[in-house]
2 protein chains.
Amino acid sequence: MSDKEGKSNLADIAYGLLKRDITEGAFIPGDKLLMSALRERYEIGAGPMREALSRLVAERLVTAESQKGFRVAPMSIEELKDIYFARAQLEAMITELAVARGDESWEAGVIASAHTLSKVTEVHSAEEMLGLWDSRHKAFHLAIAKGCGSAKLLELRLTMLEQAERYRQLWLRQTVFSAAALETKRDEHRQLVDVLLSGDSTKARRMMFEHMMNPVPIISEIMATRGLTRGE
Amino acid sequence: MSDKEGKSNLADIAYGLLKRDITEGAFIPGDKLLMSALRERYEIGAGPMREALSRLVAERLVTAESQKGFRVAPMSIEELKDIYFARAQLEAMITELAVARGDESWEAGVIASAHTLSKVTEVHSAEEMLGLWDSRHKAFHLAIAKGCGSAKLLELRLTMLEQAERYRQLWLRQTVFSAAALETKRDEHRQLVDVLLSGDSTKARRMMFEHMMNPVPIISEIMATRGLTRGE
DNA sequence: TTTTTATAAAATGTAGATATTTTTGCAAAA
DNA sequence: TTTTGCAAAAATATCTACATTTTATAAAAA
């Protein structure tokens, strides 16, 4: 009685599965997405499959060329830089707004999610820990962004997050599996929270921009050594 | 040898036609988009039609409910305000970047498109004049935005423009068909160009934000008197 | 009225037909 | 022998028509 959108048709399912497979690297950038292969893999007809693909094209995760089929969108250091720059600008702007407009319940949400994130250090299997830290990290940043009060800005933010996801995945392992990197992040987050609650929106904006740009050289490095396409 | 994306399959065509029909008001917000009706109207099969519809859903111009079909996305004063606010924030941010980063060829582009826009006053039929002013107005703002140097930010800007299009359409007639309103706009544009070229990026940002927000009360008024759904 | 049941309408999915692109095989020229 | 051009075949993408499932409508019974 609560959920508004009951995902149920095959196109939706195919969309979700394929998106996961692409962002998690089951398909490599540039790979041809054969209709026959996809149909077999997901046990789904060509119609719904086409629908799912064309949605991913809109999200820039897949490219299409008429009569020649679909491919996984390529990745490049150039695109990495552009995506992260645009994303950092947007997030910084949203943060400035959030500090200026956010009320007490927003502050509470930020503090709560920051605390939850800081408690991930406990015992976990490697993969489990990665997933947990990632989801809480995302929740933390979302809690901050929510304060901007604009649904459309949050939508834009989400589209950028999705476009960054494949690149972010590269950074994630590097960070979560390094005690030093993780500690650095924890520091940054602490500082962020302090500035957020201080009410200095201009400073918060600058700091968020820096925070969002930090992963760029790390990911660049990884992509350069692996030759752009991250083969396993 | 120049065009990269040769639009040719039926889904693309249906997408373009339906999008035009929705933004130009051939379908009213809330209207049910019957498969049979669409197939007949565009002389296209159900498969490609579905594909076109699901793309418009991603763009928020159409809503979908599983097993119950598609509808033209509703319009509301609330959404109007949110879209325009988000758009103004984004455009203001892009403008600030453009002023800071733009080179001489950017300045030249801005001046040229401003001049072209100012010359629309000549003799034209009403509808012709409306189309011409609109396209040149868009070109003017695009020329400014291009200076930001980020393809992704320009993409975001475009998605917001598309989401605003139905509301903008309401404002357009009101403005273009009033000599006084048109003169006011011309003034605003002159001032904008002055500040842009002065290099004061902070002032440019503020001014662009104001400029983008101006239409909101006008459109609100129109929607309120017409009861939100603009029946002809 | 309210509920139930039957009927019609519509959305969604599958399979097969058609059109396009790519590959392959072969022959002629260098 | 190697390369180039061409034609046939295979692979692939795309579309339409039909079948299935779900939802909406209307009539009949309580």
Side-chain angles (χ1 to χ4, degrees), chain A residues 1-19 21-22 26-74, chain B residues 1-19 21-22 26-74:
Chain A
M1 239 188 225
S2 56
D3 56 353
K4 252 185 191 172
E5 316 222 353
K7 198 196 251 204
S8 89
N9 60 12
L10 294 190
D12 284 336
I13 294 168
Y15 165 81
L17 292 174
L18 181 53
K19 184 171 183 171
D21 280 346
I22 290 176
F27 292 108
I28 304 295
D31 268 5
K32 198 148 195 324
L33 294 167
L34 270 302
M35 218 48 185
S36 50
L38 296 175
R39 286 185 45 182
E40 184 169 350
R41 182 179 180 113
Y42 302 119
E43 293 179 329
I44 263 170
M49 202 64 240
R50 259 190 96 65
E51 209 179 309
L53 282 164
S54 74
R55 263 199 263 174
L56 290 168
V57 169
E59 286 182 26
R60 316 284 181 199
L61 233 67
V62 168
T63 63
E65 209 171 343
S66 193
Q67 313 291 18
K68 289 173 74 179
F70 299 86
R71 293 179 167 279
V72 179
Chain B
M1 235 187 225
S2 57
D3 57 354
K4 254 186 189 173
E5 317 221 354
K7 196 194 254 203
S8 89
N9 60 11
L10 294 190
D12 284 337
I13 293 168
Y15 166 80
L17 292 175
L18 181 53
K19 184 170 183 174
D21 280 346
I22 290 175
F27 292 108
I28 304 295
D31 268 6
K32 196 149 197 326
L33 293 168
L34 268 305
M35 219 49 184
S36 50
L38 296 176
R39 285 185 45 183
E40 184 170 347
R41 182 179 179 113
Y42 303 118
E43 293 181 328
I44 263 171
M49 202 66 240
R50 259 190 97 66
E51 206 180 312
L53 282 164
S54 75
R55 264 199 263 172
L56 289 168
V57 169
E59 286 182 26
R60 316 288 182 201
L61 233 66
V62 167
T63 63
E65 209 171 342
S66 192
Q67 314 289 12
K68 289 174 73 180
F70 299 86
R71 293 180 169 278
V72 179

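Reminder, nothing fancy here: chain letters follow the sequence lines and each chain counts from 1.
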Tell me the closest heavy-atom pair linking A/Pro74 and A/Pro29, and the distance in Å. CA-CB, 4.0 Å

Take the protein atom CZ of B/Phe70 and the nucleotide atom C1' of C/dA10, then report the distance between them rounded to whole Å. 12 Å

Of the listed nucleotides (C/dT20, C/dT12, C/dT22), which one gets closest to any side-chain atom of A/Gln67? C/dT20

In short, B/Met49 meets B/Leu18 closest at the heavy-atom pair CE-CD2, 3.8 Å

According to a strict under-4.0 Å criterion, is A/Lys68 in side-chain N/O contact with OP1 or OP2 of C/dT22? yes

Rounded to whole Å, CG of B/Leu53 lies from C1' of C/dT12 at a distance of 13 Å

Name the residue from B/Thr63, B/Leu56, B/Leu33, B/Leu34 that meets the side chain to side chain contact (heavy atoms under 4.5 Å, CB included) definition with B/Phe70. B/Leu33

Expressed as a whole number of angstroms, how long is the span from A/Met35:CE to C/dT18:C1'? 16 Å

Quickly work out the B/Arg39 CZ to C/dA10 C1' distance and round it to whole Å. 12 Å

Side chain of A/Arg50: nearest nucleotide among D/dT14, D/dT16, C/dG13? D/dT14

In whole angstrom, what separates B/Glu40's CD from C/dA10's P? 12 Å

Nucleotide C/dG13, atom C1' - distance to CD1 of A/Ile13 in whole Å: 12 Å

Would a 4.5 Å heavy-atom cut-off, applied to side chains only, mark A/Leu38 and A/Leu53 as touching? yes

Take the protein atom CE of B/Met49 and the nucleotide atom C1' of D/dA17, then report the distance between them rounded to whole Å. 18 Å

Is any side-chain heavy atom of A/Glu51 less than 4.5 Å from a side-chain heavy atom of A/Tyr15? no

Closest to the A/Leu10 side chain, choosing from D/dT12, C/dG13, D/dT16: C/dG13

I want to verify a distance call: between C/dA10, D/dT23, D/dT14, whose nearest atom is closest to the B/Ser36 side chain? C/dA10

In whole Å, what is the span from the CD1 atom of B/Ile44 to the P atom of D/dC15? 8 Å

Go through D/dT14, D/dT12, C/dT22 for me and flag the one nearest to the A/Lys32 side chain. D/dT12

